[in-house]
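This report concerns only the one structure given below.
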Amino acid sequence: MTRIIFHCDLDCFFAAVESLYNPQFLNLPIIVGADPKRGKGRGVVSTCSYEARKFGLRSGMSISKAYELCPHGIFLRPDFDKYSYISKRVMKILKQYSNKFEQAGLDEAYLDVSDHCSDMNDARILAKEIKKKVFSEIGITISIGCASTKSLAKIASDHKKPNGITIVPPKYRIQFLKNMDITRIPGIGRKSRIFYSKKGISTIGDLLSLSVEEIERLFGKSGSWAWKVSKGLDDRKVQEREGLNKSISKERTFSNDMGDLNVLYSKLNELNIKIHDKLERKDLYYRTITLKIRFEGYITQTRSQTLAFPSRNLKESFNILMKLLKKSKNPLKKVRLIGLKYSNITQKINNMQQSLTPFLTKTP
Ligand code: TTP
Ligand code: MG
């Protein structure tokens, strides 16, 4: 089934927030970055409004050059508290449209909306609705790209900035990409462009005219990544970052220190079911199970077990927890708090592939 993925990216984010707080700056060339010191300043432009971009200003440009090109611009120092406050509010809105949500930066996020849209027409309607909601509730504009992979959606969101929607149905992928500069592929920067152009490759179309073997021979891994992106072969999932490489835990403090083993068992069971529901919703697996017990007198003990393979099995985990509890329980001491933690979190498929690869390559 073709996936439908959105990449949502706020327009000239820091500058947009500045004009939100200072409406008198609206539609003026705003430059957020270092102090220009009347053209003698050091440092760079973080971003600038689209009005400033008309004068040739860009993110990363030296602030003195920006001053030279646009001396009448409104030059402001960054205020990250404001940006992260607005970012949080926008992300809260975006999350409402799919539980497959992944924040990729302060001003960008992916949404997998495959379960909510039957085709690209539906996707366009949804994208319009999201834009309308962000604008009416926050007051800034967002551009949305929609495609069957994360990387193509990201290229698409940049296509009609500011305030645009770009939908790339799979059958129009090549038409959409072929004349684009290869630097539009995430990960191919201006330095790589020089290298690619020396070998006669400047557009994505040029890249696609060669086989992946040839590309890999000429440009190594970065080349084959770029080729796969252009072919629509990026199968990375949209996932909540918070779940990965971190842990999921729950704990309960008893109002009275607890000596009854049955109560401890049932509390542990209850917490374990809740955690497994969450893991299932996020489609995550774990390898390490940790039991935490705090006894009366604030003595805390943790015991863990690490499994050979990623797992998400309620019964198996409960048996392990029971075993850990029996080992930890001190019959002379009452329990104040009980908790469990799942760590070494992965998405099973990736992890299995990683663990199989070395094995397979070693096999004669
Ligand atoms: P971007 O999304 O790359 O840029 P933008 O939102 O300003 O403009 P666009 O409309 O093209 O999306 O980056 C988001 C914010 O990150 C940007 O507002 C400021 C900050 N940033 C820097 O501080 N330095 C940089 O070099 C870039 C590219 C961004
Ligand atoms: Mg942006």
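Predicted model only: the values in this text are computed from it and were never measured. For the single chain, residues carry numbers from 1 onward in sequence order. Hydrogens, waters and symmetry mates play no part in the numbers below; they use all other heavy atoms, side chains included. All ligand and atom numbering here is 1-based and tracks the order in the structure.
Taking every non-hydrogen atom of S59 and a distance limit under 4.0 Å, the qualifying atoms of ligand 1 come out as 25 (C), 26 (O), 27 (C), 28 (C). Close contacts between ligand 1 and K161 involve ligand atoms 9 (P), 10 (O), 11 (O), 12 (O) [criterion: under 4.0 Å to a heavy atom]. Proximity to D9 (heavy-atom distance under 4.0 Å) selects the following atoms of ligand 1: 2 (O), 12 (O). Proximity to Y50 (heavy-atom distance under 4.0 Å) selects the following atoms of ligand 1: 9 (P), 10 (O), 11 (O).
Taking only nitrogen or oxygen atoms, main chain and side chain alike, F13 reaches within less than 3.5 Å of ligand 1. Looking at G60 next to ligand 1, no N or O pair under 3.5 Å apart turns up. Close N/O approach between D158 and ligand 1 is not found [any backbone or side-chain N/O within under 3.5 Å].
Under the 4.0 Å distance rule, the nearest protein heavy atom to atom 6 (O) of ligand 1 falls inside the cut-off.
In summary, K161 places no N/O/S atom under 2.8 Å from the Mg ion (ligand 2), failing the contact criterion. Put simply, D107 gets within reach of the Mg ion (ligand 2), with an N, O or S atom under 2.8 Å from it. None of the N, O or S atoms belonging to E108 lies under 2.8 Å away from the Mg ion (ligand 2).
For the pair R53 and Y50, the cation-pi criterion (under 6.0 Å, within 45° of the ring axis) is fulfilled.
With no hydrogens or angles considered, no side-chain donor-acceptor pair links T203 and N179 at under 3.5 Å.
D9 contributes atom OD1 as its closest N/O/S atom to the Mg ion (ligand 2).
Applying the salt bridge (charged side-chain N to carboxylate O under 4.0 Å, His left out) test to every pair with at least one member in residues 130-142, sequence neighbours left out, gives these pairs: K133-E137. Each side-chain hydrogen bond (donor to acceptor under 3.5 Å, both in side chains) pair with one or both residues in residues 65-76, not counting sequence neighbours, would appear here, but there are none.
Residue contacts with ligand 1 include C12, since one or more of its heavy atoms lies under 4.0 Å from the ligand.
With respect to atom 15 (C) of ligand 1, the closest heavy atom belonging to the protein is F14 CE1, 3.9 Å. Among protein heavy atoms, the minimum distance from atom 29 (C) of ligand 1 is reached at S46 O, 3.7 Å. For atom 4 (O) of ligand 1, the nearest protein heavy atom (residue, atom name, distance) is T47 OG1, 4.3 Å. In terms of protein heavy atoms, atom 1 (P) of ligand 1 is closest to D107 OD2, 4.0 Å.
Taking 4.0 Å as the cut-off between side-chain N and carboxylate O, E102 and K150 count as a salt-bridged pair. Salt-bridge annotation for K292 and E251: present, with a side-chain N of the basic residue lying under 4.0 Å from a carboxylate O of the acidic one.
Within the 3.5 Å criterion, the main-chain N or O of E216 finds no donor-acceptor partner in the side chain of W227.
If you look at R53 next to ligand 1, the close heavy atoms, those under 4.0 Å, all belong to the side chain. Under 4.0 angstrom from ligand 1, the non-hydrogen atoms of L10 all belong to its backbone.
Between Y285 and Y342, a ring centre-to-centre spacing not shorter than 6.0 Å is recorded. Remark: aromatic rings of Y286 and H276 are close, center separation under 6.0 Å.
Side chains of N27 and E51 form a contact here, defined as non-hydrogen atoms less than 4.5 Å apart.
Under the 30°/60° scheme for interplanar angles, the aromatic rings of F195 and F219 are found to stand perpendicular.
No more than 12 heavy atoms of other residues, nucleotides or ligands sit less than 6.0 Å from atom NZ of K37.
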